[in-house]
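Notes follow once the structure below has been shown.
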Amino acid sequence: MSTGTAGQQQFRYTQTPSKVLHLRNLPWECAEEELVELCKPFGKIVNTKCNVGANRNQAFVEFTDLNQAISMVSYYASSSEPAQVRGKTVYIQYSNRQEIVNNKSSGDVAGNVLLVTIEGVEPGDVSIDVIHLVFSTFGFVHKIATFEKAAGFQALIQFSTPEIASGARNALDGRSIPRYLLPEHITSCNLRISFSAHTDLNIKFQSHRSRDYTNPYLPVNPSAIEGTSQSAVGPDGKRKEPESNVLLASIENMQYAVTVDVLHTVFSAFGTVQKIAIFEKNGGMQALIQYPDVLTASVAKNSLEGHCIYDGGYCKLHLTYSRHTDLNVKAHSDKSRDYTIPDTGILVSPVAPTAWQNNPPATPDFTAAQGPVPNAQMPAWDPSRPIFGVPTSGAYPGQTSMLHSTPQYAATGAPAVSPHASHLISQYGMQPNAPPSSSQPPLYYQ
DNA sequence: AGCACA
């Protein structure tokens with residue numbers, strides 16, 4: 001029987017002295033300067049690490065030599081006044097390490113990679129697609145790696161620049177993933193965000209744990225792919241259709257025309273749309289939407305299922321995987337489009353499918369659609385009606401305005417969600433510590 | 001109020 005000698009618990013009065021001190025119960029966002037003010041009477045500080053721990057209220061301070069650290073600990077051990085920062089008592093003890101490692105001297109240097117701790121959830125509760133959706137609001141997400149640690153479920157999220165990462169951190173730190181993106185049993189799910197020292201994550205597979213959105217050809221880990229969406233058997237025990245790169249969309253409550261172009265706009269938010277076909281079935285309208293790969297399709301399916309193309313519950317999407325893998329459609333008709341064929345008057349994505357990239361507004365596919373594509377479908381639109389729930393600036397609801405006013409997928413009983421949407425940015429416009437304002441529209445992140 | 005990014 002082992003008694004676990006490796007885990008010798010050290011009590012404070014038997015703790016080995018170290019020139020590194022561990023400070024806890026620090027005030028919110030305690031700055032390095034405040035730590036230096038507190039500690040410098042006892043010696044010279046050569047390194048610090050701030051905003052440590054899940055609450056970011058701990059820090060480490062390293063003195064040049066051990067005696068300085070001992071003098072500080074001894075002083076406060078016998079002092080009638082506790083150590084304080086901003087009037088808050090700070091608890092000090094020797095660190096169980098002898099030096100601060102891996103610190104770029106400030107402890108909180110802005111980098112392009114964020115370390116996100118998702119509190120209050122099991123790893124299965126928050127899919128990597130949801131994480132991608134949330135963080136894509138701030139810019140193109142290059143890579144995501146998720147893992148479990150003692151701290152909980154964590155993710156490393158790689159952006160292009162520290163500036164974009166900072167924007168995401170400032171907007172989201174301490175806030176929650178929108179409830180409607182979480183399983184119903186989750187009540188709170190706070191994000192704790194700091195900067196990682198990484199600059200480029202090394203992603204080996206597209207899987208339920210990790211993604212590289214810059215490399216659509218990265219192999220998919222076959223054992224992991226089922227974690228990206230529903231498994232073959234649903235929660236009710238019914239068999240689900242196998243995953244496919246082609247989605248079958250049924251459109252309910254179709255009060256407004258849903259054209260190929262509209263579908264292209266909606267589904268392009270998740271990756272390159274290769275082909276679209278629209279047809280009637282049982283008096284309703286259905287469409288097939290082809291992506292280059294299954295993962296993109298599953299992201300789109302998970303994100304759009306049950307959502308409406310237009311505000312007011314109109315044109316509700318119901319998505320399943322099609323049995324097709326490659327549609328055979330007319331390159332350019334009012335019921336179908338093949339975006340992979342050049343010289344149809346429609347610009348196609350010039351390179352191989354960029355399935356893991358955002359389609360920024362005014363992507364070539366789209367701007368081209370205004371010109372060569374006949375406007376024959378347009379009169380089907382009621383010009384007085386908002387498009388995607390966003391009023392158009394002009395009376396004529398041109399395609400461009402649809403793109404520039406980001407589509408909102410208004411779901412019944414849930415706020416509109418729009419992937420990669422710039423409109424969400426306004427939701428993060430508040431100060432990190434500002435209380436939720438009742439005068440604002442409902443906040444998606446609280 | 002209790003130790004640092006897999």
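Model, not experiment: these values are computed from the prediction. Throughout, a chain's letter reflects where its sequence line sits, starting with A, and its residues are numbered from 1.
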(request) Check the distance between B:dA6's C1' and A:I157's CD1 and give it to me in whole angstrom. (result) 14 Å
(message) Between A:F42 and A:Y75, is the ring centroid distance below 6.0 Å?
(response) yes
(request) Could you say whether A:K88 or A:N202 is positioned toward the 5' end of DNA chain B, judged by the nucleotide with the nearest heavy atom to each? (result) A:K88
(request) Tell me which nucleotide among B:dA6, B:dA4, B:dC3 gets nearest to the side chain of A:F147. (result) B:dA6
(message) Base of B:dA6, side chain of A:T146 - is there a donor-acceptor contact under 3.5 Å?
(response) no
(request) Look at the side chain of A:Q58 against the base of B:dG2 and say whether a donor-acceptor pair falls under 3.5 Å; ignore hydrogens and angles. (result) no
(message) What is the distance, to the nearest angstrom, from the CZ atom on A:R56 to the C1' atom on B:dG2?
(response) 19 Å
(request) Determine whether A:V220 and A:F205 make a side-chain contact, defined as any pair of heavy atoms from C-beta on separated by less than 4.5 Å. (result) no
(request) For the side chain of A:V52, starting at C-beta, report the closest nucleotide among B:dC3, B:dA4, B:dA1. (result) B:dA4
(message) Within the 4.0 Å heavy-atom criterion, would you say A:E62 contacts the bases, only the backbone, or no part of the nucleic acid?
(response) nothing
(message) From C-beta outward on A:L201, which listed nucleotide comes closest to its side chain: B:dA6, B:dA4, B:dC3?
(response) B:dA6
(request) For B:dC3, take OP1 and OP2 only and decide whether either is under 4.0 Å from a side-chain N or O of A:R24. (result) no
(request) Measure from the side-chain heavy atoms of A:L156 and tell me the nearest of B:dA4, B:dA6, B:dC3. (result) B:dA6
(request) Give the rounded distance in Å between these two atoms: CD of A:Q93 and C1' of B:dA4. (result) 14 Å
(message) With the six-membered base ring of B:dG2 as reference, does the ring of A:Y91 sit under 5.5 Å away with planes under 30° apart?
(response) no
(message) Measuring from the side chain of A:H198 (C-beta onward, heavy atoms only), which nucleotide among B:dA6, B:dC3, B:dA4 has the closest atom?
(response) B:dA6
(request) May I ask you to test the A:I118-A:L191 pair for a side-chain heavy-atom distance under 4.5 Å? (result) yes
(request) Taking only Lys NZ, Arg NE, NH1 and NH2, and the carboxylate oxygens of Asp or Glu, determine whether A:E99 and A:K19 approach each other closer than 4.0 Å. (result) no
(request) Report the distance from atom CZ of A:F195 to atom P of B:dA4, rounded to the nearest whole Å. (result) 20 Å
(request) Give the rounded distance in Å between these two atoms: CZ of A:F205 and P of B:dA6. (result) 21 Å
(message) In whole Å, I'd like the distance from the CD atom of A:Q154 to the C1' atom of B:dA4.
(response) 11 Å
(request) Would you kindly give the CD-to-P distance between A:Q15 and B:dA1, to the nearest whole Å? (result) 18 Å
(request) Determine whether more than 12 heavy atoms belonging to other residues, nucleotides or ligands lie under 6.0 Å from atom NZ of A:K44. (result) no
(message) Measure CG/A:L26 against C1'/B:dC3 and give the value in whole Å, please.
(response) 13 Å
